2 protein chains.
Amino acid sequence: MAQNKKQEFDKDEIEIADFAKALSHPARIAILKEISKRDTCICGEIVEVLPLAQSTVSQHLKELLKANVITGTVDGTKSCYCINWKVFEKFEKTFAKFFHKAKSFEEKRNCC
Amino acid sequence: MAQNKKQEFDKDEIEIADFAKALSHPARIAILKEISKRDTCICGEIVEVLPLAQSTVSQHLKELLKANVITGTVDGTKSCYCINWKVFEKFEKTFAKFFHKAKSFEEKRNCC
DNA sequence: ATTCTATATCGCAAATATACGATAAAGAAA
DNA sequence: TTTCTTTATCGTATATTTGCGATATAGAAT
């Protein structure tokens, strides 16, 4: 990269990009899907359903935590993760603000 | 990575991840914002408003094209890009299917 | 107290992404 | 035709991400 230009962009642009980045790997989508499916906290079962090593899954969970997409608590030998729906809600709004504006998708026209 | 495990995930997981990946850099969000702001095709003006070299912007545009997030035509010396709203609409639905399910955000509860 | 189980972290290798300058390509302007 | 303008692509350097095995940590089970 030579230089990381990330900080030269607007705060809200960085915010959206960071959220998107957290969702930019199929393993992390699969993790969210798994948590969402149970609609409750789950712990180690994630590793079982993913084609990845335990350490790799742990790393992906860490990414999701860092981006605030999930919350988590560790009680000794068991850890527990939940989806942070507030962030999804917030992102949905920001997203709408940027891209929908007043118009609906149907009204949008392309010229190419 | 040693091995890319991407293909071992579900098709729809990969699809969401790929879309998110396209939006995972502030420069690409800024590009979309710029196109959206004008609500019409724009061409070279993107380079002017971004803190990046022309070749880098062109590369980011290529990424967005690859992910089908924008459409583009090249007429000789001028190129023209539009946001592909259909893909945003589709993503919004898939996203909702996975993460909202029947419940609204407000009804969702966390346990951690 | 020792062993088992679940999870996080470290260290490393390989793959990808980011960024730029130089250059190519191709129509527009002179 | 020659030069200018706009955009894409190539080559390359550096940064970041992905992935794993090994190991650390800490409570649970024996």
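Quick caveat, the model's predicted, so the values are computed rather than measured. Below, chains carry the letters A, B, ... as their sequence lines are ordered, and counting in each starts from 1.
- The pair B:E13-A:R28 fails the salt-bridge criterion, with no side-chain N (NZ, NE, NH1 or NH2) lying under 4.0 Å from an Asp/Glu carboxylate O.
- The CD atom of B:Q3 sits 12 Å away from the C1' atom of D:dT18 (whole-angstrom rounding).
- Between A:C80 atom SG and A:I70 atom CD1 the span is 10.0 Å, to the nearest 0.5 Å.
- Between the CD atom of B:E63 and the C1' atom of C:dA17 there is a distance of 8 Å, rounded to whole Å.
- Ionic pairing of A:E34 and A:K37 is present here: one or more N-O contacts between side-chain nitrogen and carboxylate oxygen are shorter than 4.0 angstrom.
- With rounding to the nearest 0.5 Å, the separation of CZ in A:F19 from CD in A:E92 is 9.0 Å.
- Atom CG in B:L65 sits roughly 10 Å away from atom P in D:dT9 (whole-Å rounding).
- Of the side-chain N and O atoms in B:Y81, none sit less than 4.0 angstrom from OP1 or OP2 of D:dT6.
- One finds the CD1 atom of A:I31 at 9.0 Å from the OH atom of A:Y81 (value rounded to the nearest 0.5 Å).
- Side-chain atoms of A:N84 come within 3.5 Å of backbone N or O of A:N68 as a donor-acceptor pair.
- Straight-line distance from the NZ atom of A:K62 to the C1' atom of C:dT9: 7 Å, rounded to whole Å.
- Atom pair A:L61:CG and C:dT7:C1' shows a separation of 10 Å (rounding to whole Å applied).
- Residue A:Q59 is in base contact, counting any heavy-atom pair closer than 4.0 Å across all strands shown.
- Separating the CD1 atom in B:I16 from the NE2 atom in A:H25 is a distance of 14.5 Å, to the nearest 0.5 Å.
- As judged by a 4.0 angstrom heavy-atom cut-off over every strand, A:S58 is placed among the base-contacting residues.
- Rounding to whole angstrom units, CG of residue B:D18 and C1' of D:dT17 are separated by 15 Å.
- Using a 4.0 Å cut-off between charged side-chain N and carboxylate O, A:K21 and A:E63 make no salt bridge.
- Rounded to a whole Å, the CD atom of A:E8 is 12 Å from the C1' atom of C:dA19.
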**Asked** How would DNA chain D look in dot-bracket form, 5' to 3', counting Watson-Crick and G-U wobble pairs with both distances under 3.5 Å and writing | for bases paired to another strand?
**Response** ||||||||||||||||||||||||||||||
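- Note: NZ (A:K5) to C1' (D:dA13) measures 15 Å, nearest angstrom.
- Phosphate contact (OP1/OP2 of D:dT17, side-chain N/O of A:K21, threshold under 4.0 Å): present.
- A salt bridge links A:K6 to A:D18: at least one charged side-chain nitrogen sits closer than 4.0 Å to a carboxylate oxygen.
- Phosphate contact (OP1/OP2 of D:dT17, side-chain N/O of A:H60, threshold under 4.0 Å): absent.
- For the pair B:K6 and C:dT16, the criterion of a side-chain N or O lying under 4.0 Å from OP1 or OP2 is not met.
- A donor-acceptor pair is defined here as one N or O able to donate and one able to accept, closer than 3.5 Å; no such pair exists between the side chain of B:T56 and the backbone of B:L52.
- Remark: B:L52, B:A53, B:S55, B:T56 in residues 44-56 of chain B come within less than 4.0 Å of DNA chain C through at least one heavy atom.
- Phosphate proximity of C:dT18 to A:N4: absent, as no side-chain N or O sits under 4.0 Å from OP1 or OP2.
- Comparing A:K78 and A:F9 by the nucleotide of DNA chain C whose heavy atom lies nearest to each, the residue mapping closer to the 5' end is A:K78.
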